[in-house]
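As structure tokens, the structure follows; a few thoughts come after it.
Please read all numbers here as calculations on a predicted model, not as lab measurements. Each residue takes its place number in the sequence, starting with 1.
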Amino acid sequence: MSRLANKFAELKAQNRKALIPFITAGDPYPEFTVPLLHEMVRAGADVIELGVPFSDPMADGPVIQRASERALTHHVGLRKVLSMAAEFRKTDQTTPLVLMGYLNPIEIMGYQAFADGAHRADVDGVLTVDLPPEEAAQCVALLRAYEIDQIFLLAPNSTAERIQKMDVVGSGYLYYVSLKGVTGAGHLNTEEVEQKLQLIRANTDLPVGVGFGVKDAETAGTIAKIADGVVVGSALISKIEENLNDPEQAKIEIITLLSAMRQAMDA
């Protein structure tokens, strides 16, 4: 079993849900990232999504767009992100680490070279926002050879047929985008999410994480009652943006928010 499969099985046995924070690698500067990953684990993170900076992050709202811009000023690209993943893994052999980003950097690096690099860095999953299942066969095959999970996004308008496609090619978990729009936008309607999760679960046995609208501990606790995982990104990166002159304060505020979410999810 992969680390992701093991983690979700372990949480299910404990009747707990996965807390899945997202940060952009290299924001606000490269040396900040790996120590923050370890702090997030200590605060209760079960799985970490590490964002690969990209110049045109079409699914991301302004907060994460600006995080990518800050990281790119430090020349943090895919190879540096893989180095950060490898550095994290030196002292954490248990927490699943998922790279989240866009296809262009992978294509530039080359699918085989990327799969080899992700394997050497001991990455557990890859979530490529703009890679549809119909075009994912090559990437999925290369990653599966290394037991790396390819994770796909589901949208509010995803049909049963589409969910079944994701179930066949995807692994690890499915990421349900709870809002029509970009990250950090809008208000999350938990009743609509619950209805959609019923359709998703009727068509897949993969765990389902919910993201794109989780802003606080109360929302995390509510989503944890109906989903297998709670993904939070923009709310964390906002803490970095609000404290660019004091990154250590940003770290404190991120850990405080994650700890509150963990407590609400376990209540």
Side-chain angles (χ1 to χ4, degrees), residues 3-4 7-8 11-12 16-25 27 36-37 40-41 43-52 57 59-61 63-64 67-68 95-102 123-129 149-156 158 166 170-190 192-194 196-197 200-201 204 206-240 254-255 257-266:
R3 276 196 193 90
L4 280 167
K7 176 57 70 174
F8 278 102
L11 290 167
K12 186 175 182 179
R16 298 172 70 236
K17 305 301 177 69
L19 176 57
I20 310 174
F22 166 96
I23 61 165
T24 300
D27 176 39
L36 178 57
L37 299 181
M40 292 195 300
V41 173
D46 298 295
V47 177
I48 292 176
E49 292 181 354
L50 184 59
V52 179
D60 293 306
V63 170
I64 296 179
S68 268
T95 305
L97 189 64
V98 174
L99 299 189
M100 184 171 182
Y102 295 82
V123 166
D124 301 290
V126 177
L127 200 168
T128 313
V129 174
D149 292 310
Q150 180 79 56
I151 298 156
F152 288 93
L153 295 171
L154 291 171
S158 293
M166 306 279 191
S171 57
Y173 60 97
L174 292 173
Y175 186 137
Y176 176 56
V177 176
S178 59
L179 302 170
K180 293 179 180 178
V182 295
T183 56
H187 175 71
L188 194 150
N189 186 318
T190 52
E192 289 181 359
V193 172
E194 186 169 14
K196 189 66 180 187
L197 287 177
I200 294 170
R201 288 201 169 104
T204 183
L206 289 172
V208 183
V210 172
F212 272 50
V214 180
K215 300 178 185 297
D216 52 34
E218 182 181 3
T219 308
T222 301
I223 293 298
K225 294 175 183 175
I226 56 177
D228 302 299
V230 178
V231 185
V232 55
S234 295
L236 302 180
I237 292 174
S238 292
K239 304 298 184 186
I240 294 174
I254 287 171
I255 299 317
L257 178 55
L258 284 178
S259 299
M261 289 182 167
R262 176 80 274 166
Q263 187 173 2
M265 290 169 62
D266 290 343

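- The line from CD1 of Ile64 to OG of Ser238 is 8.5 Å long, rounded to the nearest 0.5 Å.
- Residues Arg262 and Leu258 form no side-chain contact, since every pair of their non-hydrogen atoms from C-beta on lies 4.5 Å or further apart.
- Ile226 and Lys17 make their closest contact through N-NZ, 4.4 Å (heavy atoms, listed as atom of the first residue, atom of the second, distance).
- At least one side-chain heavy atom of Leu197 sits less than 4.5 Å from a side-chain heavy atom of Val210.
- Atom CD of Glu194 sits about 9.0 Å away from atom CD1 of Ile223, to the nearest 0.5 Å.
- Contact record, Pro96 with Leu4: CB-CD2, 3.5 Å, taken as the closest heavy-atom pair.
- The side chain to side chain donor-acceptor pair (under 3.5 Å) check on Thr95 picks up Asp92, with sequence neighbours excluded.
- A 4.5 Å side-chain heavy-atom check between Met166 and Thr204 finds every atom pair outside the cut-off.
- Between Val47 and Pro21, the shortest heavy-atom contact is O-CD, 3.1 Å.
- Counting all heavy atoms, side chain and backbone alike, Val98 lies closest to Val126 at CG1-N, 4.2 Å.
- Checking Asp124, Asp149, Asp46 one by one against Arg3, the salt bridge (charged side-chain N to carboxylate O under 4.0 Å, His left out) holds for a single residue, Asp124.
- Considering only heavy atoms from C-beta on, Met261 comes within 4.5 Å of Val214 through its side chain.
- Rounded to the nearest 0.5 Å, atoms CZ (Phe22) and CG (Leu50) are 8.0 Å apart.
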Problem set entry | Step-by-step side-chain contact (heavy atoms from CB on, under 4.5 Å) determination, Met40 to Ile23 | CA-CA 10 Å; Met40 292 195 300; Ile23 61 165; 4.0 Å; yes

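- Counting only distance, with no hydrogens or angles, the side chain of Lys196 and the backbone of Ser158 share a donor-acceptor pair below 3.5 Å.
- Relative orientation of the Phe212 and Tyr175 rings is perpendicular, given thresholds of 30° and 60° on the angle between their planes.
- Rounding to the nearest 0.5 angstrom, the gap separating the NZ atom in Lys7 from the CD1 atom in Ile20 is 11.0 Å.
- With rounding to the nearest 0.5 Å, the separation of OH in Tyr176 from CG in Leu153 is 12.0 Å.
- For the pair Ser178 and Val193, the tightest heavy-atom approach, listed with the atom from each and the gap, is CB-CG2, 3.8 Å.
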For this session: Before giving the answer on side-chain contact (heavy atoms from CB on, under 4.5 Å), spell out for Asp228 and Tyr173 the whole-Å C-alpha distance, their side-chain angles and the decisive distance to 0.1 Å.
Result: CA-CA 9 Å; Asp228 302 299; Tyr173 60 97; over 6 Å; no

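- Between Ala217 and Leu257, the shortest heavy-atom contact is N-CD1, 4.5 Å.
- Note that the CG atom of Leu19 and the CD atom of Gln263 stand 12.5 Å from one another [nearest 0.5 Å].
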